[in-house]
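Down below is the structure, laid out as structure tokens.
As a basis for the values below, the full set of heavy atoms in this structure was taken, side chains included, without hydrogen atoms, waters or symmetry mates. To find a chain, count down the sequence lines: A is the first, B the second, and so on, and within it residues start at 1.
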Number of protein chains: 2
Amino acid sequence: MSTGTLVPVFAALGDDTRWSILAALGEGDASASALAGRLPVTRQAIAKHLAVLQEVGLVEPIRVGREVRYRVIGSQLAQTARRLEAIGAEWDRRLAAIRQIAEEL
Amino acid sequence: MSTGTLVPVFAALGDDTRWSILAALGEGDASASALAGRLPVTRQAIAKHLAVLQEVGLVEPIRVGREVRYRVIGSQLAQTARRLEAIGAEWDRRLAAIRQIAEEL
DNA sequence: GCAATATGCAACTATCGGGTTGCAGGAGTA
DNA sequence: TACTCCTGCAACCCGATAGTTGCATATTGC
């Protein structure tokens with residue numbers, strides 16, 4: 001079981017501002033400028049965060065006229081959750097086996 | 001739906017070395033010194049990482065004589081996974097509703 | 001075409017975090 | 001007691017990154 005591309009996703013999710021952005025996008029698609037109107041950071045900072053989120057597949061850009069709206073991809077979050085759960089279960093399984101053997105000695 | 005204490009957990013999971021440590025602990029409890037023998041970083045670096053992991057509840061210390069072994073807590077990973085999945089599902093639900101309304105216009 | 005608005009790019013600052021070395025302190029063992 | 005081994009703490013270095021300002025570029029609407 002490899003962690004593969006999982007770590008960058010968590011790194012992307014380990015920032016409060018990015019969660020603010022994701023939460024805002026969770027209420028509807030929006031552009032960097034629109035998000036800058038609601039959050040206490042500049043548009044450029046938000047643009048950088050959106051680039052990070054897009055890089056790990058949590059968000060996708062949609063050109064609408066002269067603006068670029070961003071859409072959150074919920075399925076990526078669900079897939080990450082499934083992989084996380086599988087890894088945790090695997091650890092539990094192995095460790096339980098180890099302790100079982102230890103007890104029998 | 002609040003992200004609560006979720007973000008620090010992701011920040012903790014967003015580092016390769018910490019995943020190496022978690023993976024090693026997934027094969028059995030170990031002390032910082034023991035881990036330093038297997039990983040290409042110093043014991044002190046590992047000690048810092050273990051402190052971070054303990055802080056977010058992914059790992060717990062167990063004193064055994066003069067050494068401190070660490071144990072990975074798989075259930076914390078599972079809980080994080082569930083919360084993540086719930087958030088993604090909530091976004092999908094809301095956004096689907098928004099698009100439904102948009103189509104009807 | 002022109003003004004307005006939105007994005008893109010670049011340079012810069014400052015803080016955070018991962019990693020190191022060095023040393024002091026504590027707990028087990030001969 | 002003396003020795004060994006493991007942990008804990010502090011200071012330091014450096015690269016990454018979150019954030020800013022400033023300007024150039026493109027696209028829509030009048």
Inset, instruction - Specify the residues of residues 21-36 of chain A, ordered by number, for which at least one heavy atom lies under 4.0 angstrom from an atom of DNA chain C. - result: A/S31, A/A32, A/S33
Inset, instruction - Treat primed atoms plus P, OP1 and OP2 as sugar-phosphate and everything else as base, then score nucleotides 17-23 of chain D 5' to 3': B for base contact with protein heavy atoms under 4.0 Å, S for sugar-phosphate contact only, - for none. - result: -SBBBB-
Legend entry - Lys/Arg-Asp/Glu bridge criterion (N-O < 4.0 Å) met for B/R82, B/E85: no
Legend entry - Gap separating the CG atom of B/L77 from the CZ atom of A/R83, nearest 0.5 angstrom: 12.5 Å
Legend entry - Distance (rounded to the nearest 0.5 Å) between A/L25 CG and A/E60 CD: 11.0 Å
Inset, instruction - Look at the side chain of B/Q54 and the backbone N and O of B/H49, then say whether any donor-acceptor pair between them is shorter than 3.5 Å. - result: no
Inset, instruction - Kindly compute the distance separating CD (B/E27) from CD1 (A/I98), expressed to the nearest 0.5 Å. - result: 7.5 Å
Inset, instruction - To the nearest 0.5 Å, tell me how far B/L22 CG sits from B/L53 CG. - result: 5.0 Å
Legend entry - Approximate separation, where rounding is to 0.5 Å, of B/D15 CG and B/I21 CD1: 8.0 Å
Inset, instruction - Starting at atom CD of A/Q54, determine the distance to atom C1' of C/dT7, rounded to an integer number of angstrom. - result: 14 Å
Inset, instruction - Working to the nearest 0.5 Å, report the span between OG of B/S20 and CD1 of B/I46. - result: 9.0 Å
Inset, instruction - Inspect the contact between B/E67 and B/R69 and indicate whether a charged nitrogen and a carboxylate oxygen are less than 4.0 angstrom apart. - result: yes
Contacts under 3.5 Å, N or O only, protein and nucleotides 25-29 of chain D:
from: D/dT27; atom 1: O2; to: A/R66; atom 2: NH1; distance (Å): 3.3
from: D/dT28; atom 1: O2; to: A/R66; atom 2: NH1; distance (Å): 3.4

Legend entry - Whether B/W19 and A/W91 hold their rings parallel, tilted or perpendicular, with breakpoints at 30° and 60°: tilted
Inset, instruction - Could you tell me the separation between the CD atom of B/E55 and the C1' atom of C/dG18, rounded to a whole number of Å? - result: 17 Å
